[in-house]
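Bear in mind that the values here come from a model prediction, so they are computed numbers and not experimental data. Below, read A as the first sequence line, B as the second, and so on, with proteins coming before strands; counting in each chain starts at 1.
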Amino acid sequence: MNDQNQGARMGRHITARILSAMGSRGSLVRLLVVSIAIVITFSALAPTSFLTVGNFEFLAQATPEVALLSLGISLAMLAGGIDLSVVAIANLAGIASGLVMVTPIGATGGGLALAILLGVAVAVVCGVINGTLIAGLRVPPILATLGTSQLYGGIGLVLSGGTAVSALPTAFTDFANITFAGVPLIFLLTLLLAGLVAFVVTATPVGVRIRLLGANAVAAEYSGISARRVTISTYALTGGLAGVAGLIISSRASSADTNYGSSYILLGIVVAVLAGVNPDGGHITITGVIVAAIALQTLSTGLTAVGVSSDVVSIAQGAFLIAMLAVNVYGGQVVPLFRRRRFRRAVEPAPA
Amino acid sequence: MKSLLSTHPRIRRAIGNQEVLLLVIALVIVGAVSVRNPGFLGVDTLFNILTSALVPFIFGIGVTLVLIAGGIDVSFLTVGIFAAYLSCRLFPQADGAPGALLSIAVAVGVGVLLGLVNAVVVLGARLSTLIATLATSAIFLGALFAFIGGTVISDIPHGLVGMNSVSLVRIPLANGGTTRLSALVIIGVVLAVLVALFLRRTIAGRWVFAVGGDEEAARRVGIPIRATRVLVFAIAGGIAGLAGIVQVAQSGRADPTTFIGGELNVIAAVVLGGALITGGRGRVRGTLLGVIVIQIINSALIPLGIPAIWQQAVIGLLLILGVSLQTIANRVRPIRAILAPPASSVPIGETV
Amino acid sequence: MSTMTSDPEHGSVRPVVEAESISKTFGGVNALTDVTVRFLPGEVHCLAGENGSGKSTLIKIISGAEVPTAGSIRISGHAYPSLRPQQAIRLGVEVIYQDFSLLPNLDAAENIALPLLTLEGKRVASRKRAMKIAEEAIGRAGIRLDLSTPVGDLTVADRQLCAIARALAHNSTFLAMDEPTTALTWREVDSLFDAVGRLREQGVAIAFISHKLQEVFDVADRVTVLRNGRIVETGVPSQYTHESLSQGMTGRKSTSFPRSSAVWAGKPAALRVTGLGRSQLFEGISFTVGQGEVVGLSGLLGSGRTEVAEAIAGVHPADTGHISVLGEECDIRSVEGAVSAGIAYVPEDRLTQGLFLDQPIGDNLSVTILSKFSRAGRIRARALREASRTMSATLRIKTRSLAAPVRSLSGGNAQRVLIGKWLLREPAVLVLNGPTVGVDVGSKFDILSILNAESLRGLGILIISDDLPELVATCHRVLVMRGGRLVDELDSANLSEATILEAISA
């Protein structure tokens, strides 16, 4: 009798643990399931072209720029906003540093470092401008970044003279090809940056403030959080990530142009939503973003390996986004139901 | 500025009303160009501007509708080209006036269907229209390439060619040539009048404003929110289809890649025209002005000695300025006065 | 006090609207529990109760703006488990919402006419027709209103008039008015009451919600008192006096707390406010809160009490005047500024202004001390967690884990989190706006005990409240505001519920 009781309690405890894991990391679980399903499907469908070292190397090469742009968009979403200008920022950063690289200074090692720093700095400044428009003038994030994406894209166009900035130094274009034990350096760099973002978001005051601001901007104000400072920091960080992504893009493409990555805005939003980042603010998962970026790249390389045109890849991405939105809306109603009941019980035993 | 804005609602409204601002900008630019290049101020420039403004204007009307209802649609260009391309594929032999009408009707019908798909996704996923339409636009474009075709149709239905070649006005020029305005312009005029009438003179049109102004309040007074949303997306889809087929008729070819990446330009024009991104406000007239000003800027840059490459940056800057002005003008809300005048100076019971 | 469900006069009349055993929960908080009310034709039925007692929620459920958790609405005999607003309007239910629920981008005429034209199934929006409907409606209400100004540009009083006119445009059988007079002058209130009288004669059932007790006595045929989401009693106005009604609303409570006798004499005041003013809202506000002193700031809704609190807290800074904390003058331009000066503010609306509902309890508590518990830009997580846990234990917040979202807590526990987050900051003065609104009686006592204990340790406390027993039980002094000015100060010698009531509603 007693044992039975204890068994039942244990069972309930374990169920609660699992549910709690689903609730807080439900999206990650969902995501891993989806990712593994993608890998298995394509491995089965096209073992000869998908399951190759070359394919996985390509994956690791192609993922960083997407992952970094998605991280940037996710950060803006964490703060309750969105950044539609990340691709324009990335290209502007690529062009700005590319223009320095093609000068005689750029041929030197120090000049190259300077050019790279300049690119990232330009991107951070772009982010600060976004943040200032949003927090200072209170322009809705969608509109502010819509406008600045036009502006940054336009400036990039003017700087580059309308053509791609090419003939970049080989020291720079080789960077994307450096590997350690078969893993591209840019992939490791992306993991490092993701780790850095994760640190900022979870272990620094500004990270917690970004999350709280995104969760409830009014309560944040009443708690003495400076929306202006926090928002500007957020978009500056987003801009910086976009800048690094832009440098990676131009290193891989051996040139910088305003037209690169125009599909990455959608892809970045898909990755963020797929990862379980709440577009209304207040929740982010860095691991999720990285896994989702890899999953979507796998999906597109897999579809290509199967011999499907790139257009179907676009359909698949769109369909994915809608499916995940639907799961987030309707699936979300199921899990909290369990959660709430559980916490209610936790409160119950001590009557007022 | 702040006190001026807060004390005079009329002044606030005038500043918030960008139509005046746009007119001034248009006149200043035209004036400046005419001084440098007197030949600019002529009928052919006017016709060129009207011709190039036609397609963005028709698209812009649809975008305006969605904005008024409190959403943002970024799928309109893919809807437009999808509908037009499909129409050309389905009835390649459509000839004469009936043929032209058939091509147009099919494009509009397909547009309405795609608009309904948007509505289903937006209402179903209960999430931002921006994200939902980003997803559907990826699906529409992918489906177009994958299942209908990605090659340019250069032999478009003769009915459309015929329609474009009918001249509304034909005027001889000083240099011996002639300049003409295609009868296609009539489509834009008729649509503008119809939509303006719908918005101003029908109850359903007023619902669109009500839903965009305050959705919860509209719901509480018994306005059918969901039906209004569906209607708006359906109409916007149909308008996008119309814009697509007009573009095909104008250019003489159906190219699935025509519009890729141009969404922001149209949205920029509409927002410049004074439509509120947060919903509840917008005019067909404003959108017309917004589109025309952008076309004037486009055609004035070169006569002014500014490289055409500056166009995007200038429009981006203009958009940011317009939006910031809008935000500032709308931020200052009248406060609820509490302070009673000193008790001695007014009759009892008179409070402010 | 006997519950009067079947007095002879109305026993045989069929109710227009009945709420049957309605319950409603928001995020674990019970807003309404098993509420049954009948609204009879030709009767003005007042719902009386404090903020958060559930009156507005009940109205929103009847009008379909909210869906009840349990129970049903019966209209003209048919029972509906829940309603959609459109359906409720069709059934003759009309509401003047507390927040007006107007469409800010449309002009007043359209705001008044559009719902009616929608209801009538009209297709064409005729401006002439809209004007006619609107003019008739404002005529019926006996008010004057600029019909062609966008409602967003109207003053609050005009918006309220517009909401009233909109409700009167319909031929409804049931009209609910949620605080319809807050912004109006006495003349406008008079014409509103005239209109209400005419509707009553026509047999319309009227639900009337007001904070102003005098209005309740002026218009009510029947009074139902709500407290903490439950019906306490129902009766006719003649059964009540001002005192007995307010007692019913707040709940009888004779508990009093020990107050530090010498309010840290000789030490600088925790908070000193001199000549504080903000354009159009309040002026000439001067008072002090000593260390260890509990001061009440009372007044009716719209007297300026919240505005003064928010100026001190830096939410909407004052234009004129001085604020000093512990004898040091501070220029307060923002909440951050106020916080670093040593002022903490517990806002009025706990759910939207105070808490991050979906975030962990721990983060809600520690939001104010993030910088203090950081070294070299990194949060000292363990120390922070320890501090939060200690505070949670001190305030006896009932939860299994600080990782649980605040949404899972009851109203009283959520309020403790809000107070705890500021106590962690160790402020010099704590300003609380309605500290026990929407909190059950047990928690209310606990929260007041916590405040009392903190004051005995030297914290200066300013309580903004119209909960009279609470003020009498905890405060050394009570300041009274009316029309944006301080008009009275009641000290221990003459502090009682009756004196406060008299001062605030004079």
Nearest heavy-atom approach of B:I309 to A:G162 is CD1-N, 3.1 Å
For residues A:L133 and B:S324, report the shortest heavy-atom separation together with the two atoms involved. CD2-OG, 3.8 Å
Looking at A:L146, A:I155, A:I265, A:L143, which makes the most heavy-atom pairs under 4.5 Å with chain B? A:L143
What are the two closest non-hydrogen atoms of B:I277 and A:P140, and how far apart are they? CG2-CG, 3.7 Å
With a 4.5 Å heavy-atom cut-off, do A:L84 and B:L130 have their side chains touching? yes
So which atom in B:A313 and which in A:L151 form the shortest heavy-atom distance, rounded to 0.1 Å? O-CD1, 3.5 Å
Could you tell me which non-hydrogen atom of B:Q312 sits nearest to which non-hydrogen atom of A:Q150, and how far apart they are? NE2-O, 3.4 Å
Counting heavy-atom pairs closer than 4.5 Å to chain A, which one of B:L318, B:I267, B:L144, B:V323 comes out on top? B:V323
Nearest atoms (heavy-atom pairs only) where A:I315 meets B:A146: CD1-CB, 4.2 Å
Heavy-atom contact with chain A under 4.5 Å, split by part of B:F147: side chain
Interchain contact, B:V74 with chain A, by part (heavy-atom threshold 4.5 Å): neither
Counting only non-hydrogen atoms closer than 4.5 Å, does A:I269 touch chain B with its backbone (N, CA, C, O), its side chain (CB onward), both, or neither? side chain
Return the OG1 to CD1 distance between A:T148 and B:I320, rounded to the nearest 0.5 Å. 5.5 Å
